[in-house]
Amino acid sequence: MASPEERYNFREAEAKWQRIWADKDSFKIEEPSAKPKYYVLEMFPYPSGRLHMGHVRNYTLGDVVARHKKAKGYNVMHPMGWDAFGLPAENAALERGVHPGTWTRQNIKDMKAQFAPLGLSLDWSREVTSCEPKYYKHEQKMFLDFLKAGIAYRKESWVNWDPVEHTVLANEQVIDGKGWRSGADVEQRKLNQWFLKITNYAEDLLQGIETLDRWPDKVRLMQRNWIGRSEGARVKWPLVAASGKDTGDILEVFTTRPDTLFGASFCAISAQHPIAAKVAETDPALGDFITECSKGGTSTAAIETAEKKGYDTGLRARHPFIADKTVPLYVANFVLMEYGSGAIFGCPAHDERDMEFARKYSLPVRCVVAPAGEDAKAFAERLEAGNVAYTEDGVAINSDFLNGLKVVEAKRAAIQKLETIARGTGTVQYRLRDWGVSRQRYWGCPIPIIYCQGCGTVPVPDKDLPVTLPEDVTFDKPGNPLERHPTWKHVKCPSCGKPAQRETDTFDTFFESSWYFARFCSPHETDKPFDKAAVEKWLPVDQYIGGVEHAVLHLLYSRFFTRAMSDCGYLDLKEPFAGMFTQGMVCHETYRLPDGTWLEPGAVTKQGEGATHNGKPVTVGRSEKMSKSKKNTVDPARILDTYGADAARLFMLSDSPPDRDLEWTDAGIEGAWRYLNRVWRLAADAGEIPPAPPPPVMDASAAAVLRQIHRAIAAVSDDLEKFRFNSTVARIRELTNALGDMDHSVAGGNAVYRFGVEVAAQLINPLTPHIAEEIWQTLGNKTSLTETPWPSYDPALLEDDTVTIAVQVNGKLRGTITVAKTADKAACESAALDLPAVQKQLDGKAPKKVIIVPGKIVNIVAA
RNA sequence: GCGGGUAUGGCGGAAUUGGUAGACGCGCCUGACUCAAAAUCAGGUUCCUCUGGAGUGGGGGUUCGAGUCCCUCUACCCGCACCA
């Protein structure tokens, strides 16, 4: 038995319980089981080789859920694996000459070892590694099924091209329009690439969001906006050459504001639009402009923040409604080829961007919508003279047959007319684009396609799957190693037998993460990706947890993939994640020397207000996301070694709400560590008390603590369900504070105290499982907390008979009264009016009005 | 540029439907124990011009009553389709 003075030995205890859990297979699912299933999943990590605090936070959150649900009587599945394909492995190969496979597999080994001391309730027997053929072969098959089902197709699309390195760059590798390594101006190039038809599912993905009631509203909103459904019209504008003759081309423009067609003053097309290319053939200056637009990368952010520029093609476009009216056609750098038809019409009076463009190129501004009830003529004059567009609701003016209609009605009428005169149609447009899955990289899943001169695009036959990556590749030359491998890409055409070539592109790594949650349900299946029955039993994931940075892409791709897999007969499900939780980042203060170099936290000595490094003053910067570049990282291994897993977990859970950013502080982890020792001393005391039920008659103080214990169970249970882990910790601390303060010598004192410590161990178990088990054992329990049901509370013990309520005069607090819970309004009022502070405020006058909310407040309104 | 979010003591945060702002903790202060330190324990800690007043990023509004609802402004953070 530990003496109260002895400090808690986390090293011994944590290793001991981790061994016991492993020996007993405590975290495997029960099979068979009558219990309801619960699937807890954290986003599987990219094996960078170093576990960082963001991982620790993510997996701790999941572990709390998993352990709590297990105690609540669920059959819990909590797997882990590796998102093992990706760019960093190729960068390592390039920079250090290590093979991506060697590097990745070593990292997995290292990281798995770093996981162990965290004490997570993971079932490692389900581990999956996405870079292994036994995993990725299934997605090659899926892709071929998608191809058959018309979900996969090939088309040309634009990429960031580094002219020096001769490689395609990721957007993050394009910095200010230049390649990150070469520094050369990045160009946009067209390549043939594979796409998945996620746009076919746009409406269903949008509708599905409504069913995701256990997702954060902000994520649902972001997905809705990403899909970006908008109703509008496609409008046809026949083009007219400078000579006044029709060219025969018809420009198709998408607009959400067909009601403003009468205010059109120009049309604009993307620099990548076919018409732009055609005009450029005879106009070298336009060619230069297009080249200029192609510099700076493909990212939407870069395109939309660039200065708005246009080039007048000299062509004009025929207005659909006004006979003989034409507007100039520009090529503009802000028009996206990927959205709508790659062409817009500009109505400067009612669109900010068009207004800016019109002022820059001296184009007319014609007001065609005025706010209802205002003098339309005066409003129009003001608007046309100014630089601010009017984008609000209103009534059509200067618009022929639309005049007098409200915006919504005018849109409808305009579309109807367009359709009648065959100059356009009403359509629904989505911002969502098809998912480009081709990557010109080595370290990814090979796309199982063969190109034959005679037969064209030929899928690799099932019997030849998987197409595995060759291991003997070199990274000494720029470009994709698969492309220049001596033999790998040269194969016989499966259909005609003549020499043919493999597709050398690999899949986007989002491909692997779009179905791994299903693979976890039957990870050892060899001839199919997963067993249908297993997937039907375990999916959807009941609680998915990960960073908010994945709020759109990964989650949307997974939702799409689940639908696509269902359509190909793999399963029968639409939504893979029933519950979603997005955690915040882990941040730390930053430190810099006067010369601007970043310093690691360990290199900085803090003294009072200031900080120094080897005697030199250090600037303490604000807290930012932990990153290698700013050197503000804290190594979890060091923390675990110094304070143990429980302290690290407790601090991460207690300091901030899980969905917000967490600031890592040394003081915080120290505080958590001290608390664990305090709890440990309580437990040591309680261990001395023989178990006994509380006596029927006990002292009022002991009875009050007993009520508090029951309140703690209720509050903690509720907080855990709602992901309020920081207040969970606060509630548990309140409980242990009360236990520490209570007088054991009163009637029932010992029994209540012992019961309180037992409950505290159970409540804290999901958060700090090692010390909880140790306490549980100290109290003489023979079973593990992993097999112990969650404590229940007696609702009758949750509340006191009396309640203290606030008394306000004119909304300002002047005192409190303590009344019986059942006290009526009259009793509350007279008690409140009796307060000396209230008397003073009233100054002898009668109150004008008294508002009484029983159990809450009395507010006296004085004259 | 577009989309999403956040703002409360010296610090992290709490306040679940509009009802006692600052729970719980960190830090700090005072005291006890100690030769001393650490650890531990007890007490205190929103601010101010302090018998009162102010106060939840700034300004305005609704209400008996606003951190919470509405309008407006500011600052910071995240995502933007080839990082994962």
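Quantities reported herein were computed from a predicted structural model and do not represent experimental measurements. By convention in this document, chain letters (A, B, ...) are assigned in the order of the sequence lines, proteins followed by strands, and residues within each chain are numbered from 1.
More than 90° away from 0 lies the glycosidic angle of B:G43, which makes this nucleotide anti. In this structure, B:C50 is classed as syn because its glycosidic torsion stays within 90° of zero.
A donor-acceptor distance shorter than 3.5 angstrom exists from the side chain of A:N107 to the backbone of A:P47, with no hydrogens or angles considered. With hydrogens and angles ignored, the 3.5 Å screen pairs no side-chain donor or acceptor of A:Q440 with any backbone N or O of A:D505. The backbone N or O of A:R50 lies less than 3.5 Å from a partner atom in the side chain of A:S48, making a donor-acceptor pair. In terms of modelled atom types and a separation under 3.5 Å, the side chain of A:N333 and the main chain of A:I303 share no donor-acceptor contact. Looking at A:N160, its side chain does come within 3.5 Å of a backbone N or O of A:L169 through a donor-acceptor pair. In this structure, A:S558 contributes its side chain and A:L555 its backbone to no donor-acceptor pair below 3.5 Å. Distance alone, capped at 3.5 Å, is enough to place a donor-acceptor pair between the A:R220 side chain and the A:I209 backbone. The backbone N or O of A:F561 lies less than 3.5 Å from no partner atom in the side chain of A:S514, so there is not a single donor-acceptor pair.
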Identify every side-chain donor-acceptor pair in residues 657-666 of chain A under 3.5 Å, counting partners at least two apart or on other chains, and give the distances.
residue: A:D661; atom: OD1; partner: A:M585; partner atom: N; Å: 2.9
residue: A:T665; atom: OG1; partner: A:G668; partner atom: N; Å: 3.0

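Within a 6.0 Å radius of NZ in A:K812, no more than 12 heavy atoms belonging to other residues, nucleotides or ligands are found.
Under the side chain to side chain donor-acceptor pair (under 3.5 Å) criterion, A:E721 pairs with A:K69, not counting sequence neighbours.
B:U46 and B:A42 have their C1' atoms separated by 23 Å, with the value rounded to a whole Å. The separation of B:G60 from B:G12, taken at their P atoms, amounts to 26 Å, rounded to a whole angstrom. B:U6 and B:G67 have their C1' atoms separated by 14 Å, with the value rounded to a whole Å. On the C1' atoms, B:G65 is 46 Å away from B:A32, given to the nearest whole Å. As rounded to the nearest Å, B:C64 and B:G52 have C1' atoms that lie 23 Å from one another. To the nearest whole angstrom, the two P atoms, one in B:C76 and one in B:G27, are 31 Å apart. If you take atom P in B:G31 and the same atom in B:A36, they sit 14 Å apart, rounded to whole Å. Comparing the C1' positions of B:U16 and B:A23 gives an interatomic distance of 14 Å, to the nearest angstrom.
Each of A:S654 and A:A672 was assigned the nucleotide of RNA chain B with the nearest heavy atom; the assignment lying further toward the 5' end belongs to A:S654.
A side-chain N or O of A:T199 and one of A:D434 form a donor-acceptor pair less than 3.5 Å apart. Counted by atom type alone, A:Q193 and A:S157 present one or more donor-acceptor pairs between their side chains at under 3.5 Å.
With rounding to whole Å, A:I303 atom CD1 is found 16 Å from B:C2 atom P. The OH atom of A:Y643 sits 13 Å away from the P atom of B:C26 (whole-angstrom rounding). Atom CG in A:L662 sits roughly 18 Å away from atom P in B:G25 (whole-Å rounding). For A:L767 and B:G25, the CG to C1' distance is 15 Å, given to the nearest whole Å. Atom CZ of A:R674 is separated from atom P of B:A39 by 7 Å (rounded to the nearest Å). Atom-to-atom, OH of A:Y339 to C1' of B:G3 comes out at 13 Å; the value is rounded to the nearest Å. If you measure from atom CG of A:D666 to atom P of B:C11, you get 19 Å, rounded to the nearest angstrom. Straight-line distance from the CD1 atom of A:I860 to the C1' atom of B:U63: 18 Å, rounded to whole Å.
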List the protein contact pattern of nucleotides 70-84 of chain B with one symbol per nucleotide (5' to 3'): B for base contact, S for sugar-phosphate-only contact, - for none; contact means a heavy-atom distance under 4.0 Å. ------SSS-BBBBB
Which nucleotides of nucleotides 44-53 of chain B have their base under 4.0 Å from a protein heavy atom (B), which only their sugar-phosphate (S), and which neither (-), written as one string 5' to 3'? --------SS
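Of the side-chain N and O atoms in A:N737, none sit less than 4.0 angstrom from OP1 or OP2 of B:A23. Considering only side-chain N and O atoms, A:R660 lies under 4.0 angstrom from the phosphate OP1 or OP2 of B:A7. Between A:N677 and B:A39, a side-chain N or O to OP1/OP2 separation shorter than 4.0 Å is absent. Taking side-chain N and O atoms only, A:N810 has no distance below 4.0 Å to OP1 or OP2 of B:G65.
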Which dot-bracket string describes RNA chain B (Watson-Crick N1-N3 plus N6-O4 or O6-N4, or G-U N1-O2 and O6-N3, all under 3.5 Å; [ ] crossing; | other strand)? (((((((..(((......[....)))((((((.......))))))(((...)))..(((((..]....))))))))))))....
How far apart are the C-alpha atoms of A:Y675 and A:T736, what are their side-chain angles, what is the distance that settles it, and do they pass the side chain to side chain donor-acceptor pair (under 3.5 Å) test? CA-CA 10 Å; A:Y675 177 68; A:T736 53; 2.7 Å; yes
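Distance from the side chain of A:V861 is smallest to B:C64 among B:A14, B:C24, B:C64. Closest to the side chain of A:R733, from the set B:C64, B:C26, B:G4, is B:C26.
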Under 3.5 Å, which N/O atoms of the protein pair with N/O atoms of nucleotides 15-22 of chain B?
residue: B:U20; atom: O4; partner: A:T804; partner atom: O; Å: 3.1

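At a threshold of 4.0 Å, the pair A:K625-A:E549 does not count as salt-bridged, since none of the basic side-chain nitrogens sits closer than that to a carboxylate oxygen. Residues A:R57 and A:E42 are not paired through a salt bridge, judged by the lack of any N-O separation under 4.0 Å between the basic side chain and the carboxylate.
Note on A:R731: a base of the nucleic acid sits closer than 4.0 angstrom, heavy atoms only.
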